[in-house]
Amino acid sequence: MLDVRDLESGYGNSRVLFGISLSVARGEVVTMLGRNGMGKTTTIHTLLGIIQPTAGSILFDGKSIAGLQPFRICRLGIGLVPEGRRITPNLTVEENLVATARGPGPWNLDEAYRLFPRLHERRRSMGAQLSGGEQQMLAISRALLTNPRLLILDEATEGLAPLIREEIWRCIWELKKKGQSILIIDKNVDTLLQIADRHYIIEKGRVTWQGTSEELQSHPELSQRHLGI
Ligand SMILES: Nc1ncnc2c1ncn2[C@@H]1O[C@H](COP(=O)(O)OP(=O)(O)O)[C@@H](O)[C@H]1O
Ligand SMILES: [Mg+2]
């Protein structure tokens with residue numbers, strides 16, 4: 001479904017990615033692991049056309065999406081839950097949800113409210129009035145309402161209280177069971193070992209290790225060395 005080869009990009013004169021290659025197959029849950037500042041978010045931003053690749057290829061369903069504008073890439077079926085949530089503070093929950101909603105697909109307002117009943121209770125509240133956890137539920141629901149074939153989550157559980165975190169993981173499990181393809185960046189390796197099929201460890205803009213959950217589990221030194229766990 002997603003096939004990235006030798007991707008390079010950066011900001012101005014400073015290169016950040018030095019040849020990232022990764023893939024996500026239909027129905028797969030794949031992670032990008034690595035310490036802060038290694039280039040995970042930059043990879044996502046390059047995939048989505050927010051920053052331009054300087055080399056390499058990005059194929060989505062076999063079609064090159066490198067260089068397309070972000071809204072076009074979104075319309076082709078990639079939904080992002082961005083780092084820092086980025087919900088619109090002066091719109092209500094419901095307005096945030098419908099602003100970018102797109103069919104066809106299984107996700108609509110009712111389905112989002114079923115997934116996160118809390119959002120239904122808060123549907124008339126402004127984005128700015130939400131707690132961090134509610135904002136995160138909104139960010140996830142907003143991405144789902146674009147009915148993406150590939151969902152990308154960038155640090156979706158960061159800075160959340162443990163109970164809210166559990167709720168986010170419950171949602172991701174549910175999506176996985178439905179066969180949603182997911183590319184996920186998160187620091188909770190223990191949970192990711194359970195939920196994900198494959199992993200890429202990113203170090204200084206390069207993939208330094210890739211493998212299955214089983215393989216990662218059998219090399220605990222990897223998590224220690226590259227992830228600081
Ligand atoms: N907007 C930006 N302008 C310049 N440098 C940036 C910008 N965003 C990130 N960087 C740099 O790119 C590198 C990778 O950052 P990032 O992709 O955010 O890492 P990660 O998501 O793995 O924590 C870091 O050295 C960071 O300082
Ligand atoms: Mg990041």
Side-chain angles (χ1 to χ4, degrees), residues 2-24 29-58 60 65-71 73-74 78-87 132-133 135-140 142-143 148 150-160 164-165 168-169 171-172 181-193 195-196 198-211 213 216 222-229:
L2 178 71
D3 193 8
V4 178
R5 292 277 165 85
D6 303 323
L7 193 64
E8 298 182 11
S9 75
Y11 304 91
N13 287 331
S14 83
R15 189 128 72 96
V16 174
L17 304 186
F18 296 87
I20 297 273
S21 297
L22 59 85
S23 66
V24 182
V29 178
V30 172
T31 79
M32 288 173 71
L33 305 173
R35 294 177 195 252
N36 285 335
M38 291 302 175
K40 303 180 299 296
T41 297
T42 302
T43 301
I44 299 308
H45 284 177
T46 311
L47 296 182
L48 291 167
I50 297 165
I51 58 179
Q52 292 303 309
T54 50
S57 66
I58 310 167
F60 186 58
I65 59 168
L68 294 184
Q69 297 207 20
F71 78 93
I73 293 174
C74 173
I78 303 183
L80 174 66
V81 180
E83 192 171 24
R85 296 146 202 161
R86 300 190 173 275
I87 61 153
Q135 287 186 18
Q136 192 62 64
M137 294 174 198
L138 178 53
I140 293 172
R142 181 182 56 186
L150 174 65
L151 179 69
I152 301 179
L153 297 138
D154 192 353
E155 311 274 12
T157 66
E158 194 178 33
L160 299 181
I164 307 288
R165 221 174 248 198
I168 302 298
W169 288 121
C171 151
I172 296 169
S181 308
I182 303 175
L183 178 59
I184 182 166
I185 297 169
D186 205 282
K187 300 267 162 26
N188 292 280
V189 177
D190 285 345
T191 309
L192 290 175
L193 280 170
I195 212 166
R198 292 190 301 111
H199 310 268
Y200 293 89
I201 294 180
I202 311 294
E203 254 186 308
K204 296 183 184 160
R206 292 181 170 88
V207 175
T208 54
W209 184 88
Q210 58 177 297
S213 285
L216 184 57
L222 280 172
S223 305
Q224 255 153 29
R225 195 168 57 205
H226 299 299
L227 314 172
I229 298 156

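Counting starts at 1 for both ligands and their atoms, in listed order.
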Quiz item: Would a search of protein heavy atoms around atom 21 (O) of ligand 1 find one under 4.0 Å away?
Solution: yes

Quiz item: Looking only at heavy atoms, which two atoms of I20 and V4 are closest? And how far apart?
Solution: O-CG1, 3.5 Å

Self-check item: Nearest neighbour of atom 24 (C) of ligand 1 from the list S14, G37, G205, G10, on a heavy-atom basis
Solution: G37

Exercise. Give the residue and atom name of whichever protein heavy atom lies nearest to atom 18 (O) of ligand 1, and the separation in Å to one decimal.
Key: T41 CB, 3.7 Å

Quiz item: Short N/O distance, under 3.5 Å, between V16 and ligand 1?
Solution: no

Practice problem: Please note down the angle at the Mg ion (ligand 2) between OG1 of T41 and OE1 of E83, to the nearest 10°. | Solution: 70°

Quiz item: Judged by non-hydrogen atoms, does G34 sit under 4.0 Å from ligand 1?
Solution: no

Quiz item: Would you find a donor on one side and an acceptor on the other, under 3.5 Å apart, between the side chain of R15 and the backbone of G205?
Solution: no

Quiz item: Judged by atom type as modelled, is there a donor-acceptor pair below 3.5 Å linking the side chain of S213 to the main-chain atoms of A196?
Solution: yes

Quiz item: Can you tell me the protein heavy atom closest to atom 19 (O) of ligand 1 and the distance?
Solution: G39 N, 3.2 Å

Quiz item: Do any N or O atoms from the side chain of Y200 and from the backbone of S21 form a donor-acceptor pair under 3.5 angstrom?
Solution: no

Quiz item: Side chain of K40, backbone of I202: donor and acceptor closer than 3.5 Å?
Solution: no

Quiz prompt | Top protein contact for atom 17 (O) of ligand 1, by heavy-atom distance | solution = T42 OG1, 2.5 Å

Quiz prompt | Heavy-atom side-chain proximity of D154 to P82 below 4.5 angstrom | solution = no

Quiz prompt | Ligand-residue contact atoms, ligand 1 with N36, heavy atoms, under 4.0 Å | solution = 23 (O)

Quiz item: I152 and I78: which non-hydrogen atoms are nearest, and at how many Å?
Solution: CD1-CG2, 3.6 Å

Quiz item: Near M38, which atoms of ligand 1 are under 4.0 Å from a heavy atom of that residue?
Solution: 19 (O), 20 (P), 22 (O)

Quiz item: Among all protein non-hydrogen atoms, which one is nearest to atom 10 (N) of ligand 1, and what is the separation to 0.1 Å?
Solution: Y11 CE1, 3.4 Å

Self-check item: N/O donor-acceptor pair under 3.5 Å between S9 side chain and Q52 backbone
Solution: no

Quiz prompt | Nearest protein heavy atom under 4.0 Å from atom 26 (C) of ligand 1, yes or no | solution = no

Self-check item: N/O separation below 3.5 Å, K40 to ligand 1
Solution: yes

Quiz item: Counting only N and O atoms by type, is there a donor-acceptor contact under 3.5 Å from the side chain of R85 to the main-chain atoms of A139?
Solution: no

